[in-house]
Amino acid sequence: MVAAAGGSHERIYAIVRKIPRGRVTTYGTVARLAGLGRHARLVGYALSALPDGTSVPWHRVINAQGRLSLDRAASSAGITQMMRLAREGVRADAAGRIALTKYGWRVDATGPDRRTVRTADRPRERTKRQR
DNA sequence: ACTGGGGCTAACC
DNA sequence: GGGTTAGCCCCAG
């Protein structure tokens, strides 16, 4: 499992570990950096499978809305995530949202911010969702 | 093999 | 600004 190569989860963990302290990123970004394309959900899945004493800073991964996906569930993990982020200096606004433009992290950029890598993912066929 | 859901996201209203 | 719709594809039962 740890050494299993066929798991895309490992790639996700590898990316998440690279997230510097006091910085956050989105599931979609992690997925892309992990070479998973747009499987943001997979990132969430992979993170949910992490054990308690993991070295992976899963708390630094939030959703594209700048919020904690676990927050709505009010789960213990969600609380842990909030506390960890707060301790790292990542603060959310009154609405409980984190400014991705400020704390957003990307591998390529050496600077603090500068927009996200690419808004998110590119909808290859947005024509399909036209209604 | 099939079905249901998911720690998501972008577009639409 | 928030709620809904559609799409992605993987995981668990």
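Naming: A, B, ... by sequence-line order, numbering from 1 per chain.
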Note to self: What is the distance, to the nearest angstrom, from the CD1 atom on A/Ile12 to the P atom on C/dC11?
What the structure shows: 9 Å
Margin query: Using the side-chain heavy atoms of A/Gln81, tell me which of these nucleotides is nearest: B/dG7, C/dC8, C/dG2.
Written below: B/dG7
Check: Should A/Leu47 and A/Tyr27 count as side-chain neighbours, where that means a heavy-atom distance under 4.5 Å?
Finding: yes
Next item on the list: Name the closest nucleotide to the A/Thr26 side chain, picking from B/dG6, C/dC8, B/dT9.
Entry: B/dT9
Notebook entry, point to check: Can a donor-acceptor pair under 3.5 Å be found between the side-chain atoms of A/Tyr27 and the base atoms of B/dG7?
Noted result: yes
Item checked: Stepwise side chain to side chain contact (heavy atoms under 4.5 Å, CB included) check, A/Leu33 with A/Thr25 -> CA-CA 11 Å; A/Leu33 293 176; A/Thr25 192; 5.6 Å; no
Determine all donor-acceptor pairs shorter than 3.5 Å in which one atom belongs to a side chain in residues 50-57 of chain A; sequence neighbours excluded.
residue	atom	partner	partner atom	Å
A/Thr54	OG1	A/Val56	N	3.0
A/Ser55	OG	A/Arg17	NE	3.4

Next item on the list: Please state how far atom CZ in A/Arg32 lies from atom C1' in C/dC9, giving the value in whole angstrom units.
Entry: 17 Å
Check: According to a strict under-4.0 Å criterion, is A/His9 in side-chain N/O contact with OP1 or OP2 of C/dC11?
Finding: yes
Margin query: From CD of A/Gln65 over to P of C/dG2, roughly how many Å is that when rounded to an integer?
Written below: 9 Å
Notebook entry, point to check: Within the structure shown, what part of the strands sits under 4.0 Å from A/Leu47 by heavy-atom distance: base, sugar-phosphate, or nothing?
Noted result: base
Note to self: Between A/Arg67 and B/dG7, is there a contact of a side-chain N or O with OP1 or OP2 at under 4.0 Å?
What the structure shows: no
Check: Do A/Lys18 and A/Trp105 have side-chain heavy atoms sitting under 4.5 Å apart?
Finding: yes
Checklist line | A/Tyr45 OH to C/dA12 P, straight-line distance once rounded to whole Å | finding: 6 Å
Next item on the list: Find out whether A/Leu68 and A/Leu85 are in side-chain contact, i.e. whether some heavy atom of one side chain is under 4.5 Å from a heavy atom of the other.
Entry: yes
Margin query: Heavy atoms from C-beta onward define the side chain here; which of B/dG7, C/dG2, C/dC10 lies closest to that of A/Arg97?
Written below: C/dG2
Next item on the list: Can you tell me the distance, in whole Å, between the CG atom of A/Leu68 and the C1' atom of B/dT9?
Entry: 17 Å
Item checked: Nucleotide C/dC11, atom P - distance to CG of A/Leu50 in whole Å -> 14 Å
Checklist line | Backbone of A/Pro20 reached by a side-chain donor or acceptor of A/Glu88 within 3.5 Å | finding: no
Checklist line | Main-chain N/O of A/Ile19 paired with A/Arg60 side-chain donor or acceptor, under 3.5 Å | finding: yes
Margin query: By nearest atom, which of the nucleotides C/dC8, B/dG7, B/dT9 is closest to the A/Ala64 side chain?
Written below: B/dT9
Notebook entry, point to check: Rounded to the nearest Å, what distance is computed from the CG atom of residue A/Leu85 to the C1' atom of nucleotide B/dG7?
Noted result: 13 Å
Notebook entry, point to check: Separation of A/Leu42 atom CG from B/dG7 atom C1', in whole Å?
Noted result: 12 Å
Note to self: For Watson-Crick and G-U wobble pairs within 3.5 Å on both distances, what is DNA chain B written in dot-bracket notation, | included for inter-strand pairing?
What the structure shows: .|||||.||||||
